[in-house]
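The structure appears below as structure tokens.
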Amino acid sequence: MRIVLLGPPGAGKGTQSARLVEKYDIVQLSTGDMLRTAVKAGTPVGLKAKAVMEAGHLVSDETVIGIIADRITDADCANGYILDGFPRTVAQAEALDRLLTESGHKLDAVVELLVDDAAMVSRIVKRRADAVAAGQPVRKDDDTEVFKDRIVKYREETAPVSGYYEQTGRRQTVDGMAPIEEIAAQIDAILLA
Ligand code: AMP
């Protein structure tokens, strides 16, 4: 099962991904998580990406496509994966199609979580407050102003990705404002169709 989960920051992609991983015995590939790991480890990729990520901008296509190209050939990806936070540009979506074609695979589903921008800002404010209350470190890019900028960036740069999948007849949408369990049910209905 190979799934692309689309949706703006705060849309609940992480929550749904975690559930799908359990249910279908696949791995979650979050380019955001991979980049954060690289930043922490101080790898060359991490050193390059750190300032870009903290400013809430997109890391270069070349960098993230390279990360995904390496990762999807790992043994634990053989049963499938859910892509969370990738592709974020049309160039990334096209590169993913090329990588899949080369390995004789295809996407089983492209699911987009539809939410409204004001709700996303509320969610990120809550995520930050919860992290502070739990004594957990706060993600630098969860700053409200940076987050608003990420949403603007999402609308500008990432919305065409959903258009790309729509034009190729692969995009399916779910109501990202629904309760978590309802969103899960809608996604399952798509995957089982
Ligand atoms: P996320 O955890 O998915 O919100 O990603 C956190 C940050 O990592 C983003 O704001 C970007 O700076 C970077 N990032 C993650 N995935 C991508 C991607 N596919 N393309 C470009 N930048 C990315």
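Start at 1 and go down the list; that is how both ligands and their atoms are numbered.
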> Considering distance alone, does some N or O of Asp84 sit under 3.5 Å from an N or O of ligand 1?
Replying inline: no

> Applying a 4.0 Å heavy-atom criterion (strictly less than), which segment of Val64 is in contact with ligand 1: side chain, backbone, both, or neither?
Replying inline: side chain

>> So Met34 and Thr37, do their side chains get closer than 4.5 Å, heavy atoms only?
In response: no

> Should the proximity of Gln92 to ligand 1, defined as any heavy atom under 4.0 Å, be assigned to the side chain, the backbone, both, or neither?
Replying inline: side chain

>> Counting only heavy atoms, tell me which of Lys13, Glu54, Arg88 gets closest to atom 1 (P) of ligand 1.
In response: Arg88

>> Let me confirm one number: the CD1-CD1 distance from Ile3 to Ile190, rounded to the nearest 0.5 Å.
In response: 10.0 Å

> What are the atoms of ligand 1, with element, lying closer than 4.0 Å to any heavy atom of His57?
Replying inline: 11 (C), 12 (O)

>> Whether the Tyr24 and Asp108 side chains hold a donor-acceptor pair (N or O, under 3.5 Å, no angle test) is what I'd like checked.
In response: no

> What's the spacing between Leu83 CG and Gln92 CD if we round to 0.5 Å?
Replying inline: 10.5 Å

> Rounded to the nearest 0.5 Å, what separation is found between the CG atom of Leu6 and the CZ atom of Arg88?
Replying inline: 10.5 Å

> Can you find an N/O atom of Val59 closer than 3.5 Å to an N/O atom of ligand 1?
Replying inline: yes

>> So, taking the atom named OH in Tyr81 and the one named CZ in Arg71, what distance separates them when rounded to the nearest 0.5 Å?
In response: 10.5 Å

>> So if I count the atoms of ligand 1 from 1 in the order they appear, which ones are less than 4.0 Å from some heavy atom of Leu35?
In response: 8 (O), 13 (C), 14 (N), 15 (C), 23 (C)

>> Any nitrogen or oxygen of Leu58 lying under 3.5 Å from a nitrogen or oxygen in ligand 1? Just yes or no.
In response: no

> Any side-chain heavy-atom pair from Asp61 and Glu94 closer than 4.5 angstrom?
Replying inline: no

> Can you check whether Arg36 has an N/O within less than 3.5 Å of an N/O in ligand 1?
Replying inline: yes

> What atoms of ligand 1 come within less than 4.0 Å of a heavy atom belonging to Gly85?
Replying inline: 16 (N), 17 (C), 18 (C), 19 (N)

